Amino acid sequence: MDDEQRAHRSLWTVTAPPRDFPALPGDVTVDVAIIGGGMAGLTTAWLLKRAGKRVVVLDMHRILSGQTGQTTAHLTEVLDTPYATLRRDFGEKGAQLAASSSRAAIEQIAARVDELGIDCDFQRVPMYRYAETERELADLHHEVTAAREAGLLATFTQDVPLPYPVKGALRVEDQALFHPRKYLLALADRIPGDGSHIFENTRVTEVHDGAPCRVVTDRGTVTAAAVVEATTTPLNRVAMHTKLYPYRTYAVAGPLNGPLEPGQYYDSQEPYHYIRTQQVNGRTYVIVGGEDHKVGTDEDTARRYAALEAYTLRRFPVTDITHRWSGQVIEPADGLAYIGRNTASRHVYVATGFSGTGMTFGTLAGMILSDAILDRQNPFAALYSATRVKPQAGAKDFIQENAEVAFRFVADRLSRPNGHRLADVAPGEGKVLEVAGQKVAVYRAEDGITHAVSPVCTHLGCHVHWNGAERSWDCPCHGGRFSPTGKVLNGPAMKDLPAKKLPT
(Lines give C-alpha, C1' and ligand atoms only; values in the text may rest on other atoms or scores of the structure.)
Protein backbone atom coordinates (compact mmCIF):
# COMPACT_ATOMS: atom_id res chain seq x y z
CA MET A 1 0.00 0.00 0.00
CA ASP A 2 1.30 3.46 -0.89
CA ASP A 3 2.02 5.51 2.25
CA GLU A 4 -0.42 8.23 1.25
CA GLN A 5 -3.25 5.65 1.04
CA ARG A 6 -2.77 4.27 4.56
CA ALA A 7 -5.36 5.01 7.20
CA HIS A 8 -2.46 5.51 9.65
CA ARG A 9 0.98 6.77 8.59
CA SER A 10 4.08 6.11 10.66
CA LEU A 11 6.37 8.74 12.14
CA TRP A 12 9.01 7.64 9.58
CA THR A 13 6.87 8.07 6.47
CA VAL A 14 5.57 11.46 7.56
CA THR A 15 9.03 12.89 8.34
CA ALA A 16 10.97 11.58 5.31
CA PRO A 17 9.22 12.17 1.96
CA PRO A 18 9.48 9.38 -0.65
CA ARG A 19 11.59 9.31 -3.79
CA ASP A 20 10.03 8.71 -7.18
CA PHE A 21 11.34 5.68 -9.03
CA PRO A 22 9.84 4.51 -12.35
CA ALA A 23 7.86 1.37 -13.04
CA LEU A 24 9.56 -1.45 -14.95
CA PRO A 25 9.47 -0.26 -18.60
CA GLY A 26 9.67 -3.76 -20.12
CA ASP A 27 11.94 -6.78 -20.17
CA VAL A 28 15.29 -6.35 -18.38
CA THR A 29 18.32 -8.59 -17.81
CA VAL A 30 20.53 -8.20 -14.71
CA ASP A 31 22.70 -10.32 -12.43
CA VAL A 32 20.32 -10.34 -9.45
CA ALA A 33 16.60 -9.56 -9.17
CA ILE A 34 15.45 -8.49 -5.69
CA ILE A 35 11.74 -8.51 -4.88
CA GLY A 36 10.88 -6.07 -2.11
CA GLY A 37 12.13 -2.56 -1.38
CA GLY A 38 12.52 -2.68 2.41
CA MET A 39 15.48 -3.11 4.74
CA ALA A 40 16.41 -6.61 3.52
CA GLY A 41 15.95 -5.86 -0.17
CA LEU A 42 17.75 -2.52 -0.27
CA THR A 43 20.63 -3.72 1.94
CA THR A 44 21.12 -6.77 -0.30
CA ALA A 45 20.97 -4.59 -3.42
CA TRP A 46 23.43 -2.02 -2.10
CA LEU A 47 25.98 -4.64 -1.02
CA LEU A 48 25.73 -6.48 -4.34
CA LYS A 49 26.02 -3.33 -6.42
CA ARG A 50 29.07 -2.27 -4.41
CA ALA A 51 30.59 -5.66 -5.31
CA GLY A 52 30.05 -4.98 -9.02
CA LYS A 53 26.76 -6.79 -9.67
CA ARG A 54 23.91 -5.38 -11.76
CA VAL A 55 20.78 -5.49 -9.62
CA VAL A 56 17.09 -4.72 -10.00
CA VAL A 57 14.85 -3.95 -7.01
CA LEU A 58 11.15 -4.51 -7.69
CA ASP A 59 8.42 -3.18 -5.38
CA MET A 60 4.71 -3.69 -5.94
CA HIS A 61 3.97 -0.25 -4.43
CA ARG A 62 6.63 2.26 -3.36
CA ILE A 63 9.92 1.33 -1.72
CA LEU A 64 9.86 1.53 2.08
CA SER A 65 6.05 1.56 2.10
CA GLY A 66 5.77 -2.02 3.37
CA GLN A 67 6.78 -3.34 6.78
CA THR A 68 10.03 -1.34 6.90
CA GLY A 69 7.92 1.81 6.79
CA GLN A 70 5.77 0.47 9.63
CA THR A 71 8.55 -0.56 12.02
CA THR A 72 9.42 0.84 15.44
CA ALA A 73 13.06 0.50 14.33
CA HIS A 74 14.82 -0.93 17.36
CA LEU A 75 18.41 -1.92 16.61
CA THR A 76 19.13 -4.50 19.26
CA GLU A 77 20.81 -7.78 20.10
CA VAL A 78 17.90 -8.62 22.42
CA LEU A 79 15.70 -10.83 20.27
CA ASP A 80 12.04 -11.80 20.68
CA THR A 81 13.22 -15.33 21.49
CA PRO A 82 14.98 -15.36 24.89
CA TYR A 83 18.64 -16.40 24.87
CA ALA A 84 17.80 -19.13 27.39
CA THR A 85 15.45 -20.61 24.78
CA LEU A 86 17.96 -20.20 21.95
CA ARG A 87 20.62 -21.96 24.03
CA ARG A 88 18.22 -24.85 24.69
CA ASP A 89 17.16 -25.22 21.05
CA PHE A 90 20.31 -24.25 19.13
CA GLY A 91 23.00 -25.00 21.70
CA GLU A 92 25.49 -22.69 23.36
CA LYS A 93 27.29 -22.00 20.06
CA GLY A 94 23.99 -21.21 18.32
CA ALA A 95 22.99 -18.69 20.98
CA GLN A 96 26.41 -17.05 20.72
CA LEU A 97 26.12 -16.85 16.92
CA ALA A 98 22.64 -15.30 17.23
CA ALA A 99 24.11 -12.62 19.50
CA SER A 100 27.20 -11.93 17.40
CA SER A 101 25.20 -11.84 14.15
CA SER A 102 22.86 -9.23 15.63
CA ARG A 103 25.86 -7.19 16.77
CA ALA A 104 27.37 -7.49 13.26
CA ALA A 105 24.13 -6.15 11.75
CA ILE A 106 24.10 -3.12 14.05
CA GLU A 107 27.73 -2.40 13.21
CA GLN A 108 26.95 -2.78 9.49
CA ILE A 109 24.41 0.04 9.81
CA ALA A 110 26.82 2.15 11.89
CA ALA A 111 29.54 1.66 9.26
CA ARG A 112 27.23 2.72 6.40
CA VAL A 113 26.08 5.80 8.34
CA ASP A 114 29.71 6.81 8.85
CA GLU A 115 30.99 5.85 5.39
CA LEU A 116 28.19 7.53 3.44
CA GLY A 117 27.61 10.42 5.84
CA ILE A 118 23.93 9.53 6.28
CA ASP A 119 21.93 11.98 8.41
CA CYS A 120 19.50 9.54 10.05
CA ASP A 121 19.78 10.50 13.75
CA PHE A 122 21.83 7.36 14.55
CA GLN A 123 22.51 7.14 18.29
CA ARG A 124 24.01 4.48 20.57
CA VAL A 125 21.87 3.82 23.65
CA PRO A 126 21.36 1.18 26.36
CA MET A 127 18.43 -1.22 26.25
CA TYR A 128 16.38 -2.22 29.32
CA ARG A 129 14.09 -5.22 29.67
CA TYR A 130 12.36 -4.59 32.97
CA ALA A 131 10.22 -6.49 35.46
CA GLU A 132 7.27 -5.11 37.44
CA THR A 133 6.28 -8.28 39.34
CA GLU A 134 8.19 -10.87 41.36
CA ARG A 135 7.47 -13.56 38.77
CA GLU A 136 8.79 -11.37 35.95
CA LEU A 137 11.85 -10.64 38.07
CA ALA A 138 12.69 -14.34 38.48
CA ASP A 139 12.49 -14.90 34.73
CA LEU A 140 14.60 -11.80 34.15
CA HIS A 141 17.48 -13.02 36.33
CA HIS A 142 17.54 -16.25 34.32
CA GLU A 143 17.71 -14.28 31.05
CA VAL A 144 20.51 -12.00 32.32
CA THR A 145 22.69 -15.08 32.84
CA ALA A 146 21.81 -16.53 29.40
CA ALA A 147 22.43 -13.20 27.64
CA ARG A 148 25.85 -12.78 29.30
CA GLU A 149 26.83 -16.33 28.34
CA ALA A 150 25.79 -15.58 24.74
CA GLY A 151 28.19 -12.63 24.70
CA LEU A 152 25.98 -9.59 25.29
CA LEU A 153 27.21 -6.73 27.46
CA ALA A 154 24.38 -7.55 29.87
CA THR A 155 23.95 -6.73 33.55
CA PHE A 156 21.13 -6.70 36.09
CA THR A 157 20.25 -3.25 37.42
CA GLN A 158 17.64 -1.63 39.62
CA ASP A 159 18.59 1.81 38.28
CA VAL A 160 16.14 2.13 35.41
CA PRO A 161 15.53 5.71 34.14
CA LEU A 162 11.75 5.40 33.72
CA PRO A 163 9.12 7.77 35.19
CA TYR A 164 7.50 4.88 37.12
CA PRO A 165 8.92 2.28 39.53
CA VAL A 166 10.12 -1.16 38.40
CA LYS A 167 11.69 -4.05 40.32
CA GLY A 168 14.76 -4.36 38.10
CA ALA A 169 15.95 -4.76 34.53
CA LEU A 170 18.26 -6.56 32.17
CA ARG A 171 20.47 -3.76 30.83
CA VAL A 172 22.38 -4.26 27.57
CA GLU A 173 24.94 -1.71 26.43
CA ASP A 174 25.60 -0.30 22.97
CA GLN A 175 22.24 -0.80 21.25
CA ALA A 176 21.10 1.87 18.78
CA LEU A 177 18.34 4.15 17.52
CA PHE A 178 17.95 5.63 14.04
CA HIS A 179 15.45 6.93 11.49
CA PRO A 180 15.05 3.87 9.21
CA ARG A 181 13.56 5.70 6.24
CA LYS A 182 16.28 8.38 6.14
CA TYR A 183 18.92 5.64 6.34
CA LEU A 184 17.42 3.49 3.60
CA LEU A 185 16.61 6.35 1.22
CA ALA A 186 20.33 7.15 1.30
CA LEU A 187 21.08 3.56 0.21
CA ALA A 188 18.31 3.63 -2.41
CA ASP A 189 19.70 6.81 -3.96
CA ARG A 190 22.98 4.97 -4.64
CA ILE A 191 21.52 1.86 -6.32
CA PRO A 192 20.34 3.06 -9.77
CA GLY A 193 22.98 3.47 -12.48
CA ASP A 194 25.64 1.32 -14.17
CA GLY A 195 23.05 -1.28 -15.17
CA SER A 196 21.21 -1.33 -11.82
CA HIS A 197 17.65 -0.12 -11.24
CA ILE A 198 14.85 0.39 -8.73
CA PHE A 199 11.36 -0.08 -10.17
CA GLU A 200 8.24 0.81 -8.18
CA ASN A 201 4.57 0.03 -8.83
CA THR A 202 5.61 -3.26 -10.44
CA ARG A 203 3.86 -6.39 -9.24
CA VAL A 204 5.59 -9.77 -9.42
CA THR A 205 3.22 -12.52 -10.55
CA GLU A 206 5.58 -15.50 -11.03
CA VAL A 207 9.09 -16.52 -10.00
CA HIS A 208 10.82 -19.24 -12.05
CA ASP A 209 14.00 -20.82 -10.74
CA GLY A 210 16.50 -21.82 -13.41
CA ALA A 211 19.64 -20.91 -15.30
CA PRO A 212 18.76 -18.12 -15.74
CA CYS A 213 15.84 -17.31 -13.42
CA ARG A 214 12.80 -15.40 -14.66
CA VAL A 215 10.73 -12.98 -12.61
CA VAL A 216 7.46 -12.29 -14.38
CA THR A 217 5.70 -9.01 -13.53
CA ASP A 218 2.65 -7.12 -14.74
CA ARG A 219 5.00 -4.85 -16.72
CA GLY A 220 7.61 -7.19 -18.17
CA THR A 221 10.01 -10.00 -17.31
CA VAL A 222 13.30 -9.66 -15.43
CA THR A 223 15.92 -12.28 -16.31
CA ALA A 224 18.64 -12.82 -13.71
CA ALA A 225 21.19 -15.36 -12.49
CA ALA A 226 19.73 -15.18 -8.96
CA VAL A 227 16.53 -13.99 -7.29
CA VAL A 228 16.04 -12.71 -3.74
CA GLU A 229 12.55 -12.68 -2.21
CA ALA A 230 12.68 -10.00 0.48
CA THR A 231 8.92 -9.62 0.81
CA THR A 232 8.12 -10.15 4.52
CA THR A 233 6.72 -13.57 3.56
CA PRO A 234 7.95 -15.41 0.44
CA LEU A 235 5.66 -15.52 -2.57
CA ASN A 236 3.53 -18.68 -2.72
CA ARG A 237 6.11 -20.95 -1.02
CA VAL A 238 3.77 -23.40 0.66
CA ALA A 239 6.38 -25.41 2.61
CA MET A 240 7.99 -22.26 4.02
CA HIS A 241 4.64 -20.81 5.08
CA THR A 242 4.02 -23.70 7.49
CA LYS A 243 7.01 -22.36 9.46
CA LEU A 244 5.83 -18.74 9.54
CA TYR A 245 3.16 -17.22 11.79
CA PRO A 246 1.91 -13.70 10.91
CA TYR A 247 0.93 -11.21 13.61
CA ARG A 248 -0.28 -7.62 13.56
CA THR A 249 1.51 -5.16 15.81
CA TYR A 250 0.62 -1.55 16.65
CA ALA A 251 2.53 1.61 17.53
CA VAL A 252 1.83 5.15 18.67
CA ALA A 253 4.12 8.16 19.06
CA GLY A 254 3.96 11.58 20.61
CA PRO A 255 6.38 14.39 21.50
CA LEU A 256 7.84 14.29 25.00
CA ASN A 257 6.92 17.15 27.32
CA GLY A 258 9.30 15.99 30.05
CA PRO A 259 12.54 14.06 30.46
CA LEU A 260 13.06 10.47 29.32
CA GLU A 261 16.59 9.20 28.93
CA PRO A 262 17.33 8.13 25.33
CA GLY A 263 17.10 4.36 25.11
CA GLN A 264 15.11 1.25 24.39
CA TYR A 265 12.72 -0.14 27.02
CA TYR A 266 10.74 -3.38 27.02
CA ASP A 267 8.28 -4.45 29.70
CA SER A 268 7.72 -8.13 30.53
CA GLN A 269 3.97 -8.28 30.00
CA GLU A 270 2.40 -10.78 27.60
CA PRO A 271 2.23 -9.55 24.93
CA TYR A 272 4.96 -7.11 25.84
CA HIS A 273 5.27 -3.39 25.10
CA TYR A 274 8.35 -1.95 23.41
CA ILE A 275 9.30 1.65 24.03
CA ARG A 276 11.95 3.92 22.59
CA THR A 277 12.86 7.54 22.13
CA GLN A 278 13.73 9.22 18.83
CA GLN A 279 14.95 12.65 17.82
CA VAL A 280 13.22 13.76 14.61
CA ASN A 281 13.94 17.19 13.14
CA GLY A 282 15.03 18.51 16.54
CA ARG A 283 12.03 17.18 18.46
CA THR A 284 12.12 14.21 20.86
CA TYR A 285 9.37 11.60 20.57
CA VAL A 286 8.50 8.52 22.56
CA ILE A 287 7.34 5.54 20.49
CA VAL A 288 5.35 2.74 22.13
CA GLY A 289 4.47 -0.50 20.36
CA GLY A 290 2.61 -3.66 21.28
CA GLU A 291 -0.92 -5.14 21.40
CA ASP A 292 0.13 -7.91 19.00
CA HIS A 293 -2.38 -10.49 17.72
CA LYS A 294 -2.56 -13.05 14.94
CA VAL A 295 -3.51 -11.57 11.58
CA GLY A 296 -7.23 -11.63 10.89
CA THR A 297 -8.30 -12.63 14.42
CA ASP A 298 -9.42 -9.22 15.72
CA GLU A 299 -11.91 -7.14 13.77
CA ASP A 300 -12.05 -4.29 16.30
CA THR A 301 -8.41 -3.30 15.81
CA ALA A 302 -9.17 0.31 16.77
CA ARG A 303 -9.22 -0.82 20.40
CA ARG A 304 -5.56 -1.83 20.04
CA TYR A 305 -4.64 1.79 19.33
CA ALA A 306 -6.83 2.97 22.20
CA ALA A 307 -5.06 0.61 24.62
CA LEU A 308 -1.60 1.75 23.46
CA GLU A 309 -2.56 5.41 23.69
CA ALA A 310 -3.88 4.94 27.24
CA TYR A 311 -0.70 3.07 28.24
CA THR A 312 1.49 5.85 26.79
CA LEU A 313 -0.41 8.78 28.29
CA ARG A 314 -0.56 7.07 31.69
CA ARG A 315 3.14 6.26 31.91
CA PHE A 316 5.08 8.95 30.04
CA PRO A 317 5.25 12.77 29.94
CA VAL A 318 3.15 12.92 26.77
CA THR A 319 -0.06 14.90 26.30
CA ASP A 320 -0.70 14.37 22.59
CA ILE A 321 -0.47 11.24 20.43
CA THR A 322 0.53 12.57 17.01
CA HIS A 323 1.19 9.34 15.07
CA ARG A 324 -0.27 5.84 15.07
CA TRP A 325 0.46 2.95 12.75
CA SER A 326 0.48 -0.83 12.51
CA GLY A 327 2.74 -3.40 10.93
CA GLN A 328 3.10 -7.10 10.28
CA VAL A 329 5.43 -9.29 12.34
CA ILE A 330 6.34 -12.72 11.00
CA GLU A 331 7.23 -15.19 13.75
CA PRO A 332 9.41 -18.20 12.80
CA ALA A 333 8.61 -21.71 14.07
CA ASP A 334 11.88 -22.16 15.93
CA GLY A 335 12.73 -18.64 17.08
CA LEU A 336 15.21 -17.48 14.42
CA ALA A 337 14.83 -15.88 11.00
CA TYR A 338 15.05 -17.95 7.79
CA ILE A 339 17.71 -16.50 5.49
CA GLY A 340 19.25 -18.32 2.53
CA ARG A 341 18.51 -20.49 -0.47
CA ASN A 342 14.87 -21.51 -0.54
CA THR A 343 13.83 -25.14 -0.20
CA ALA A 344 14.15 -27.04 -3.52
CA SER A 345 15.62 -23.95 -5.23
CA ARG A 346 19.01 -23.53 -6.88
CA HIS A 347 19.08 -19.78 -7.42
CA VAL A 348 16.13 -18.36 -5.43
CA TYR A 349 16.85 -16.99 -1.95
CA VAL A 350 14.47 -15.93 0.82
CA ALA A 351 14.62 -13.74 3.92
CA THR A 352 11.71 -13.98 6.33
CA GLY A 353 10.63 -14.67 9.92
CA PHE A 354 12.25 -11.56 11.41
CA SER A 355 9.95 -11.41 14.48
CA GLY A 356 10.02 -7.97 16.14
CA THR A 357 13.61 -7.15 15.16
CA GLY A 358 13.18 -6.58 11.44
CA MET A 359 15.75 -3.82 11.14
CA THR A 360 18.49 -5.99 12.66
CA PHE A 361 17.52 -9.20 10.84
CA GLY A 362 16.80 -7.33 7.59
CA THR A 363 20.34 -5.96 7.62
CA LEU A 364 21.74 -9.38 8.51
CA ALA A 365 19.77 -10.86 5.61
CA GLY A 366 21.47 -8.47 3.21
CA MET A 367 24.86 -9.51 4.56
CA ILE A 368 24.17 -13.28 4.38
CA LEU A 369 22.43 -13.25 0.99
CA SER A 370 24.95 -10.99 -0.75
CA ASP A 371 27.74 -13.27 0.49
CA ALA A 372 25.87 -16.36 -0.77
CA ILE A 373 25.34 -14.84 -4.23
CA LEU A 374 28.99 -13.68 -4.36
CA ASP A 375 30.09 -17.20 -3.30
CA ARG A 376 31.67 -15.94 -0.09
CA GLN A 377 31.72 -17.71 3.25
CA ASN A 378 29.50 -16.16 5.90
CA PRO A 379 29.87 -17.26 9.53
CA PHE A 380 26.14 -16.92 10.23
CA ALA A 381 24.69 -18.61 7.12
CA ALA A 382 24.28 -22.09 8.60
CA LEU A 383 22.45 -20.85 11.73
CA TYR A 384 19.81 -19.01 9.67
CA SER A 385 19.58 -21.51 6.78
CA ALA A 386 16.09 -21.35 5.26
CA THR A 387 16.12 -25.12 4.72
CA ARG A 388 16.96 -26.05 8.31
CA VAL A 389 14.77 -28.57 10.11
CA LYS A 390 14.90 -28.63 13.90
CA PRO A 391 11.97 -30.73 15.15
CA GLN A 392 12.85 -30.15 18.80
CA ALA A 393 12.92 -26.36 18.37
CA GLY A 394 9.46 -24.91 18.04
CA ALA A 395 7.78 -28.30 17.45
CA LYS A 396 4.88 -27.49 19.76
CA ASP A 397 4.31 -24.09 18.16
CA PHE A 398 4.66 -25.62 14.70
CA ILE A 399 1.86 -28.09 15.41
CA GLN A 400 -0.35 -25.56 17.21
CA GLU A 401 -0.02 -22.75 14.66
CA ASN A 402 -0.58 -24.97 11.62
CA ALA A 403 -3.50 -26.71 13.30
CA GLU A 404 -4.98 -23.22 13.68
CA VAL A 405 -4.49 -22.63 9.92
CA ALA A 406 -6.33 -25.89 9.19
CA PHE A 407 -9.09 -24.88 11.62
CA ARG A 408 -9.45 -21.48 9.94
CA PHE A 409 -9.53 -23.10 6.51
CA VAL A 410 -12.60 -25.13 7.48
CA ALA A 411 -14.26 -23.00 10.16
CA ASP A 412 -14.35 -19.76 8.17
CA ARG A 413 -16.34 -21.52 5.46
CA LEU A 414 -18.86 -22.77 8.02
CA SER A 415 -19.03 -19.60 10.11
CA ARG A 416 -22.09 -17.39 10.10
CA PRO A 417 -21.83 -14.24 7.94
CA ASN A 418 -21.83 -10.74 9.43
CA GLY A 419 -25.11 -9.99 7.68
CA HIS A 420 -27.30 -10.64 4.64
CA ARG A 421 -28.14 -7.17 3.30
CA LEU A 422 -26.06 -4.34 1.92
CA ALA A 423 -27.81 -2.12 4.45
CA ASP A 424 -25.92 -4.03 7.16
CA VAL A 425 -22.65 -2.40 5.99
CA ALA A 426 -22.12 1.18 7.19
CA PRO A 427 -19.99 3.75 5.31
CA GLY A 428 -16.29 3.09 5.92
CA GLU A 429 -17.02 -0.48 7.04
CA GLY A 430 -16.40 -3.94 5.63
CA LYS A 431 -18.36 -7.13 6.34
CA VAL A 432 -18.61 -10.66 5.00
CA LEU A 433 -22.23 -11.05 3.89
CA GLU A 434 -24.14 -14.04 2.63
CA VAL A 435 -26.08 -12.94 -0.41
CA ALA A 436 -28.14 -15.41 -2.48
CA GLY A 437 -26.40 -18.30 -0.70
CA GLN A 438 -22.89 -17.03 -1.46
CA LYS A 439 -20.41 -15.34 0.89
CA VAL A 440 -19.17 -11.98 -0.34
CA ALA A 441 -16.72 -9.51 1.25
CA VAL A 442 -18.43 -6.12 0.98
CA TYR A 443 -16.92 -2.70 1.67
CA ARG A 444 -18.95 0.51 1.63
CA ALA A 445 -16.90 3.63 0.91
CA GLU A 446 -17.57 6.89 2.73
CA ASP A 447 -19.48 8.13 -0.33
CA GLY A 448 -21.85 5.16 -0.04
CA ILE A 449 -20.54 3.20 -3.04
CA THR A 450 -20.21 -0.53 -2.30
CA HIS A 451 -17.40 -2.79 -3.47
CA ALA A 452 -17.88 -6.57 -3.39
CA VAL A 453 -15.07 -9.13 -3.70
CA SER A 454 -14.57 -12.80 -2.98
CA PRO A 455 -13.66 -13.44 0.68
CA VAL A 456 -11.40 -16.34 -0.39
CA CYS A 457 -7.70 -15.42 -0.07
CA THR A 458 -5.94 -16.02 -3.40
CA HIS A 459 -2.94 -17.58 -1.66
CA LEU A 460 -4.26 -20.90 -0.32
CA GLY A 461 -7.99 -20.35 0.04
CA CYS A 462 -8.58 -19.26 3.64
CA HIS A 463 -11.23 -16.59 4.22
CA VAL A 464 -10.28 -12.98 4.88
CA HIS A 465 -11.50 -10.91 7.85
CA TRP A 466 -12.14 -7.17 8.02
CA ASN A 467 -9.53 -5.05 9.83
CA GLY A 468 -11.46 -1.98 10.96
CA ALA A 469 -8.54 0.22 12.03
CA GLU A 470 -6.48 -0.30 8.86
CA ARG A 471 -9.44 -0.72 6.49
CA SER A 472 -8.11 -3.89 4.95
CA TRP A 473 -9.14 -7.51 4.39
CA ASP A 474 -6.69 -9.70 6.35
CA CYS A 475 -6.09 -13.44 6.00
CA PRO A 476 -5.54 -15.18 9.37
CA CYS A 477 -3.78 -18.20 7.82
CA HIS A 478 -0.58 -16.78 6.30
CA GLY A 479 -0.91 -13.02 6.71
CA GLY A 480 -2.06 -11.92 3.25
CA ARG A 481 -3.70 -8.51 3.27
CA PHE A 482 -5.91 -6.77 0.69
CA SER A 483 -7.30 -3.27 0.23
CA PRO A 484 -11.04 -2.64 0.77
CA THR A 485 -11.53 -3.20 -2.96
CA GLY A 486 -9.47 -6.40 -2.99
CA LYS A 487 -6.04 -5.21 -4.18
CA VAL A 488 -3.04 -7.07 -2.75
CA LEU A 489 -1.32 -5.09 0.02
CA ASN A 490 0.88 -7.81 1.55
CA GLY A 491 1.97 -11.20 0.21
CA PRO A 492 2.18 -14.15 0.14
CA ALA A 493 -0.86 -13.71 -2.12
CA MET A 494 0.03 -12.40 -5.56
CA LYS A 495 -3.46 -12.04 -7.07
CA ASP A 496 -6.20 -9.58 -6.07
CA LEU A 497 -9.48 -10.78 -4.58
CA PRO A 498 -11.84 -11.25 -7.55
CA ALA A 499 -14.70 -8.77 -7.84
CA LYS A 500 -18.20 -10.11 -7.21
CA LYS A 501 -21.50 -8.91 -8.65
CA LEU A 502 -24.24 -8.25 -6.15
CA PRO A 503 -27.90 -8.70 -7.01
CA THR A 504 -29.60 -5.40 -7.71
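Side chains included, hydrogens not; waters and symmetry mates left out as well; all remaining heavy atoms used. Keep in mind that this is a model prediction, so the values were computed, not measured.
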With the side chain counted from C-beta on, respond yes when [X] and [Y] share a heavy-atom pair under 4.5 Å apart, and no when they do not.
| X | Y | answer |
| --- | --- | --- |
| L152 | R148 | no |
| V207 | I35 | yes |
| N201 | R62 | yes |
| Y285 | Q279 | no |
| H323 | V14 | yes |
| T322 | P255 | yes |
| Q158 | V166 | no |
| T81 | D334 | no |

For the residue pair [Y] / [X], report whether a side-chain donor-acceptor contact shorter than 3.5 Å exists.
| X | Y | result |
| --- | --- | --- |
| T76 | H74 | no |
| D267 | Y311 | yes |
| D159 | T157 | no |

Testing the basics here: between [X] and [Y], what is the closest heavy-atom pair and its distance to 0.1 Å?
| X | Y | value |
| --- | --- | --- |
| G480 | F482 | C-CE1, 4.2 Å |
| A337 | P332 | N-CG, 4.3 Å |
| V252 | E309 | CG1-CG, 3.8 Å |
| L140 | G168 | CD2-O, 3.6 Å |
| V113 | C120 | CG2-SG, 3.7 Å |
| I287 | A253 | CG1-CB, 4.0 Å |

Below 3.5 Å, can you tabulate the donor-acceptor pairs from side chains in residues 187-199 to any protein atom, sequence neighbours excluded?
from: D189; atom 1: OD1; to: R19; atom 2: NE; distance (Å): 3.0
from: D189; atom 1: OD2; to: R19; atom 2: NE; distance (Å): 3.2
from: D189; atom 1: OD2; to: R19; atom 2: NH2; distance (Å): 3.0
from: R190; atom 1: NH1; to: A186; atom 2: O; distance (Å): 2.8
from: S196; atom 1: OG; to: V55; atom 2: N; distance (Å): 3.0

E291 and its salt bridge (Lys or Arg N to Asp or Glu O under 4.0 Å) partner, picked from R248, R304, R303: R304

Counterpart residues, side chain to side chain contact (heavy atoms under 4.5 Å, CB included), relative to [X] (two or more places apart):
| X | result |
| --- | --- |
| R50 | W46, L47, R112, E115 |
| A16 | H179, R181, K182, L185 |
| P163 | L260, F316, P317 |
| T319 | N257 |

Only counting residues at least two apart or in another chain, list the ones meeting salt bridge (Lys or Arg N to Asp or Glu O under 4.0 Å) with [X].
| X | value |
| --- | --- |
| E331 | none |
| R87 | E149 |
| E134 | K167 |

My understanding is that only residues two or more places apart in sequence, or in another chain, count here; which of them pass ring pair (Phe, Tyr, Trp, His ring centres under 6.0 Å) with [X]?
| X | answer |
| --- | --- |
| F122 | none |
| F361 | Y384 |
| Y305 | H8, Y250 |
| Y265 | Y128 |

Evaluation steps, side chain to side chain contact (heavy atoms under 4.5 Å, CB included), between I339 and V350: CA-CA 6 Å; I339 303 168; V350 296; over 6 Å; no

R315 with E132: basic N within carboxylate O range, under 4.0 Å: yes

Pairing of D174 and R124 as salt bridge, 4.0 angstrom limit: yes

Trace of the side-chain hydrogen bond (donor to acceptor under 3.5 Å, both in side chains) decision for S326 with E470: CA-CA 8 Å; S326 72; E470 297 303 316; 3.1 Å; yes

Residues, nucleotides or ligands: over 12 heavy atoms within 6.0 Å of H141 NE2: yes

Main-chain N/O of Y83 paired with E143 side-chain donor or acceptor, under 3.5 Å: yes

Test item: T202 side-chain N/O and E200 main-chain N/O as donor-acceptor pair under 3.5 Å: yes

Reference residue I275; test side chain to side chain contact (heavy atoms under 4.5 Å, CB included); the match among T312, T72, L162, V286: V286

Stepwise side chain to side chain contact (heavy atoms under 4.5 Å, CB included) check, F178 with Q123: CA-CA 6 Å; F178 77 144; Q123 182 182 13; over 6 Å; no

Steps toward side chain to side chain contact (heavy atoms under 4.5 Å, CB included) verdict (D371, Q377): CA-CA 7 Å; D371 280 348; Q377 290 292 316; over 6 Å; no

Test side-chain hydrogen bond (donor to acceptor under 3.5 Å, both in side chains) applied to T387 and S385, step by step: CA-CA 5 Å; T387 59; S385 169; 3.0 Å; yes

Parallel, tilted or perpendicular: rings of W12 and W325 (30°, 60°): perpendicular

L58 vs T217, side chain to side chain contact (heavy atoms under 4.5 Å, CB included): CA-CA, chis, key distance, verdict: CA-CA 9 Å; L58 302 168; T217 81; 4.1 Å; yes

